[in-house]
Amino acid sequence: MARKKWRLDDVHDLRKLIAGDSHLPIDDMRLIFRGNVLLDNKNGDAAIVQLHDGESLIVAIKPEPPAKHIWDDVDEDDSEDLKFQLPQPTGRWKRRLFFFLRDKFKLPDMLLMAIFSLSLKIWAVIIIWFILAPVAQRLDVGPLYILGTGFAIIFYNLGHRQPGDVSAYSVFNEDFRELPGTLNADRLDRDIRAGQF
């Protein structure tokens with residue numbers, strides 16, 4: 001005898017149906033099916049579940065948090081704020097990659113943030129660097145390659161000053177002009193001679 005299939009549009013609809021029938025809070029509800037937690041979306045798309053006759057779901061509700069005086073002034077939202085989330089206007093392929101790395105490989109949020117905060121251009125530079133590193137090693141210029149990379153990173157991140165902006169380093173300023181409040185040897189000597197120390 002063939003088993004009858006019963007299909008809902010998505011997991012979110014199923015959670016809404018169960019929450020409405022049993023008067024449970026939908027935000028704190030988790031559905032467990034065949035040992036796996038059912039998520040509302042999978043790889044950025046709505047998740048779909050198929051139930052057969054005789055199968056069952058486990059409905060788990062997150063318990064109420066302890067009273068405030070037990071928390072000792074710990075913010076409840078701190079853990080949610082620390083989790084990395086993709087911005088809303090992210091492309092479909094990037095969302096799929098994010099969910100794949102997070103759900104399949106269980107990468108930590110710090111690593112995901114490092115991966116997705118870099119632009120495609122920076123990733124291309126990193127890949128080219130790793131491709132050229134063995135070539136530099138074979139040519140016996142590996143240390144120079146690493147030093148050159150360090151200097152390139154420094155110069156790339158120096159930025160550009162607008163006309164009239166003053167650098168924190170007086171050697172880069174016109175007439176070696178210093179920022180107000182800069183502590184240098186001349187000022188220190190002047191303060192000691194004036195008895196201010």
Side-chain angles (χ1 to χ4, degrees), residues 27 39-41 43-45 65-197:
D27 294 332
L39 302 173
D40 285 352
N41 55 40
N43 297 334
D45 298 325
K68 272 290 190 196
H69 67 278
I70 298 174
W71 277 85
D72 291 331
D73 298 329
V74 175
D75 257 351
E76 296 174 23
D77 298 329
D78 279 352
S79 61
E80 288 298 320
D81 290 342
L82 294 176
K83 288 188 177 180
F84 176 68
Q85 296 177 352
L86 285 175
Q88 288 295 340
T90 306
R92 183 179 177 89
W93 71 270
K94 209 169 189 179
R95 278 190 298 134
R96 284 185 175 268
L97 179 63
F98 170 75
F99 286 114
F100 179 76
L101 293 175
R102 188 187 71 181
D103 297 337
K104 296 288 183 189
F105 288 112
K106 306 287 187 209
L107 293 182
D109 286 338
M110 291 299 288
L111 187 57
L112 288 171
M113 191 178 349
I115 291 171
F116 287 97
S117 62
L118 297 177
S119 68
L120 201 55
K121 180 177 155 187
I122 299 295
W123 275 114
V125 169
I126 290 171
I127 290 169
I128 290 171
W129 189 90
F130 277 107
I131 290 171
L132 293 177
V135 174
Q137 183 63 32
R138 267 188 250 121
L139 297 174
D140 291 330
V141 291
L144 289 176
Y145 184 70
I146 292 172
L147 282 173
T149 302
F151 282 117
I153 291 170
I154 290 170
F155 286 120
Y156 178 75
N157 288 309
L158 283 178
H160 301 286
R161 285 188 288 149
Q162 301 296 327
D165 284 351
V166 181
S167 172
Y169 302 102
S170 59
V171 293
F172 296 119
N173 294 331
E174 197 173 312
D175 299 329
F176 299 102
R177 194 173 40 149
E178 296 174 352
L179 291 176
T182 303
L183 181 64
N184 58 22
D186 289 336
R187 184 176 186 150
L188 194 60
D189 183 52
R190 201 170 51 241
D191 289 346
I192 291 173
R193 289 178 191 271
Q196 293 182 2
F197 275 107

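Being a predicted model, the structure only gives us computed values, none of them experimental. Just the heavy atoms: all of them, side chains too, but no hydrogens, waters or symmetry mates, feed the values below.
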Practice task
Output yes when a side-chain donor or acceptor of Asp191 lies under 3.5 Å from a complementary backbone atom of Leu188, and no otherwise.
Solution key: no

Practice task
Check the side chains of Asn173 and Glu178 for a donor-acceptor pair under 3.5 angstrom, ignoring hydrogens and angles.
Solution key: no

Exercise for the section: Side-chain contact test, heavy atoms from C-beta onward, threshold under 4.5 Å: evaluate it for Leu112 versus Arg102 and give yes or no. Expected result: yes

Handout entry: Atom pair CG/NZ of Leu120 and Lys94 - distance to nearest 0.5 Å
Key = 8.0 Å

Practice task
Without swapping roles, check the side chain of Asn157 against the backbone of Ile153 for a donor-acceptor pair under 3.5 Å.
Solution key: yes

Handout entry: Side-chain heavy-atom pair Trp123, Ile115 within 4.5 angstrom cut-off
Key = yes

Fill in the blank from the handout: Value for CG (Asp175) from OG (Ser170), rounded to nearest 0.5 Å, stands at 11.5 Å

Fill in the blank from the handout: Heavy-atom nearest pair, Phe176 first then Val171, reads CD2-CA, 3.6 Å

Handout entry: Residue pair Leu111 / Leu101, side-chain heavy-atom distance below 4.5 Å
Key = no

Exercise for the section: Kindly indicate, with the supporting measurements, whether the criterion side-chain contact (heavy atoms from CB on, under 4.5 Å) is fulfilled by Val166 and Arg177. Expected result: CA-CA 8 Å; Val166 181; Arg177 194 173 40 149; 3.3 Å; yes

Handout entry: Exercise: identify the closest heavy-atom pair between Trp129 and Thr149
Key = NE1-OG1, 2.6 Å

Practice task
Report yes if some heavy atom in the side chain of Tyr145 is under 4.5 Å from a heavy atom in the side chain of Leu139; otherwise report no.
Solution key: no

Problem - Within-4.5 Å side-chain heavy-atom neighbours: Asp103 and Phe98 - result: no

Exercise for the section: In plain terms, say whether Asp186 and Arg190 are close enough for a salt bridge, that is, a side-chain N and a carboxylate O under 4.0 Å apart. Expected result: no

